[in-house]
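Report on the structure given below.
Indexing begins at 1, ligand by ligand and atom by atom, following the structure's order. Note that the structure is predicted; figures quoted are calculated from it, not measured.
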Amino acid sequence: MCGIVGYTGPRDAGPVLLDGLRRLEYRGYDSAGIALVTDNGDLFVEKRAGKVAVLTDALGGGPPSAGIGLGHTRWATHGRPSDLNAHPHSDCTGRITVIHNGIVENFRELRDELVAGGHTLKSETDTEVVAHLVEDAYKGDLADAVRVALGRLEGAYALVVMHRDEPQRLVGARLNAPLIVGLGDGESFVASDAAAIIAYTKRVIFLADGDVADLTPGTATITDRLGVVVDRPIDIIPWSAEAAEKGGYAHFMLKEIHEQPAALTAAMTGRLRGESVRLEELDGIRTRLSGIDRVELIACGTAYYASLVGAALFQDWLGVPARSTVASEFRYSPPPIDARTLVVAVTQSGETADTIAAARLAGDRGAVVVAVTNTVGSAITRESHASVFLQAGPEVAVAATKTFVTQVATVVMLAADIAHQLGRLPAETERDLVGALRRLPEQAERAIELSVAAEEIADRYASAAGFMYIGRSFGYPAALEGALKIKEISYLHAEGYAAGELKHGPISLLDAEVPLVAIATRSAVYEKLISNLMEGKARDARVLAVATEGDDQIGRLATDVLWVPDTIEPLSTILAVIPLQLFAYYVAVKRGRDVDQPRNLAKSVTVE
Ligand code: G6P
């Protein structure tokens with residue numbers, strides 16, 4: 001979704017904003033813009049369709065010197081990507097500028113009203129109405145005017161507003177879209193996430209829905225929409241600026257694939273005790289957990305595939321019905337939910353609108369809600385009774401990698417912890433699980449080493465017309481996620497399918513141009529999977545198998561093999577996906593794609 005950054009203080013604002021936009025670009029990248037109140041007191045705006053680099057080129061020798069400004073990188077919702085629709089947007093007087101992430105749902109009605117009132121709106125965006133509403137409400141105090149304007153808005157927003165005549169002041173506001181305030185020494189920042197400002201300060205305030213932040217250099221006053229001051233804690237961002245740099249890798253995605261062993265270690269830190277799994281974050285809700293009789297997991301995209309592993313284990317270990325549903329479907333067709341339902345919301349960003357809405361609905365109906373997220377302070381944590389963090393560090397590439405494997409590891413630990421609490425997890429199962437979890441980081445490292453063949457194999461498969469990925473049981477989520485990686489970054493069609501379903505339709509797609517990718521790791525359903533693999537082979541499809549080291553028959557059956565170490569079945573999804581991530585990465589590179597910022601996507605989607 002869109003990226004937002006604002007600065008007021010003694011530094012030259014232009015470079016701070018452009019640096020922030022480059023770091024935020026993964027949120028959306030179809031256009032970018034900045035607005036500054038220059039040292040001469042003029043309002044300067046430059047905005048361009050395209051990436052931040054296009055904006056930087058347009059700025060030629062650099063932006064004019066200024067101590068305050070706003071920057072925005074866009075993922076279009078209303079109005080196609082164009083110079084005109086790029087943010088910031090201004091009012092009729094050209095004194096007020098606004099940047100926005102979210103959707104003003106009643107913008108048509110507001111637009112008609114503003115036009116009838118004599119305003120001229122230039123763009124097709126929903127955002128521009130905000131600038132004009134603030135213009136109407138402005139009586140010499142920007143924060144007051146913003147609060148009045150907010151009263152007219154329906155929908156979701158993270159907004160930052162600047163007025164040329166108050167050249168040290170930024171006013172930010174949030175509702176259902178992320179916004180944080182950064183506190184520096186005599187300077188203030190506002191941004192959609194910490195990546196934009198971590199190089200300057202680690203001290204942040206996570207704004208809550210309904211908050212309005214009134215910022216001057218070094219001061220931050222947070223109020224509600226009526227102007228009543230509210231107290232918000234200052235948090236310290238636990239990661240360094242370097243964590244969000246490429247560190248010598250060609251792409252963030254490649255770096256993040258290689259970070260997976262360390263991310264898995266971090267995800268398990270403090271959670272494995274002797275031969276048990278223990279998530280302290282659940283201690284406040286133990287009484288409620290003791291009564292659950294059903295588990296519903298909700299998530300979107302990659303997180304949904306990770307949640308499938310959780311659903312299987314909750315059902316197996318707790319012996320209660322458990323399933324995962326994509327949040328956008330759950331929300332409009334919810335299952336029965338009551339106080340005995342555990343709802344687990346899995347979301348890397350913690351800001352995905354569909355997941356948040358589904359979690360809220362579940363909470364309203366009495367469920368106990370647990371968030372599994374990578375983002376401390378994110379919106380999902382406020383919808384949940386307990387939050388379990390992935391501890392994976394920042395993920396910048398749009399295609400998720402290390403957050404997938406840590407999501408799987410974390411939902412496995414969550415299911416184990418709760419099953420243990422309920423006395424339903426046999427000690428031996430838990431001991432085996434803990435042992436396998438402890439070996440996992442090293443095995444992930446080995447899976448990366450074994451995938452050295454992925455680049456050369458990708459070379460031979462990169463011109464395929466499409467791919468069919470199949471898996472069974474815990475191999476199925478790996479097939480889904482492997483196919484999604486290909487789709488996201490190479491723009492080739494790839495289908496992830498339950499292997500047993502291959503014969504019920506999709507097998508007709510297979511031929512010499514459409515390879516079959518089979519997750520054939522050691523499992524109770526291995527032989528069945530091999531039968532499905534043979535069905536594909538008989539249709540002239542090349543077969544790329546992901547198999548367990550030591551499997552001495554697969555080499556005869558598959559055209560190519562990507563090897564992974566052996567582990568227990570519930571963790572096999574994690575290891576199987578690693579070569580598939582690397583395969584997708586190299587296919588995309590061979591096809592000349594923009595790996596870290598694939599077309600049409602955004603890392604977190606804060607609209608429904
Ligand atoms: C977007 C991203 C996906 C991600 C999904 C859910 O579509 O492009 O990579 O899986 O959102 O994101 P979340 O932050 O909720 O895990």
Sidechain N-carboxylate O distance under 4.0 Å for Glu25, Arg22 = no
ask   = Thinking salt bridges, do Lys402 and Glu256 make one under a 4.0 Å N-O criterion?
value = no
query = For ligand 1, which part of Glu351 has a heavy atom less than 4.0 Å away: the side chain, the backbone, both, or neither?
reply = neither
ask   = Looking only at heavy atoms, is any part of Thr302 under 4.0 Å from ligand 1, and if so is it the side chain, the backbone, or both, or is it neither?
value = both
note = For Gly301, the ligand 1 atoms with a heavy-atom partner under 4.0 Å come out as 10 (O)
Proximal atoms of ligand 1 relative to Glu488 (non-hydrogen, under 4.0 Å) = 9 (O)
Identified side chain to side chain donor-acceptor pair (under 3.5 Å) counterpart of Thr403 within the set Glu395, Gln260, Gln348 = Glu395
message = Pairs of nitrogen or oxygen atoms closer than 3.5 Å, one from Gln348 and one from ligand 1: do any exist?
response = yes
If you have a sec, work out which protein heavy atom is nearest [atom] and how many Å separate them, to one decimal?
atom                    : answer
atom 11 (O) of ligand 1 : Lys603 O, 3.7 Å
atom 15 (O) of ligand 1 : Thr352 OG1, 2.5 Å
atom 7 (O) of ligand 1  : Val605 CG2, 3.9 Å
atom 8 (O) of ligand 1  : Ala602 O, 2.8 Å
atom 5 (C) of ligand 1  : Cys300 O, 4.0 Å

inquiry  = My understanding is that we take every heavy atom of each candidate and find the minimum distance to atom 9 (O) of ligand 1. Doing that for Val398, Ile356, Leu601, Leu390, which one comes out nearest?
reply    = Val398
ask   = Within a strict 4.5 Å, meaning less than it, do heavy atoms of the Leu390 and Thr373 side chains meet?
value = no
ask   = Under 6.0 Å between the ring centres of Phe189 and Tyr200?
value = yes
Centroid-centroid under 6.0 Å between Phe467 and Phe583 rings = yes
Test: Arg232 cationic atom under 6.0 Å from Phe206 six-membered ring centre, within 45° of axis = no
task = Starting from the C-alpha separation in whole Å, work towards a yes-or-no answer on side-chain hydrogen bond (donor to acceptor under 3.5 Å, both in side chains) for Gln391 and Thr406.
result = CA-CA 8 Å; Gln391 305 175 164; Thr406 50; over 6 Å; no
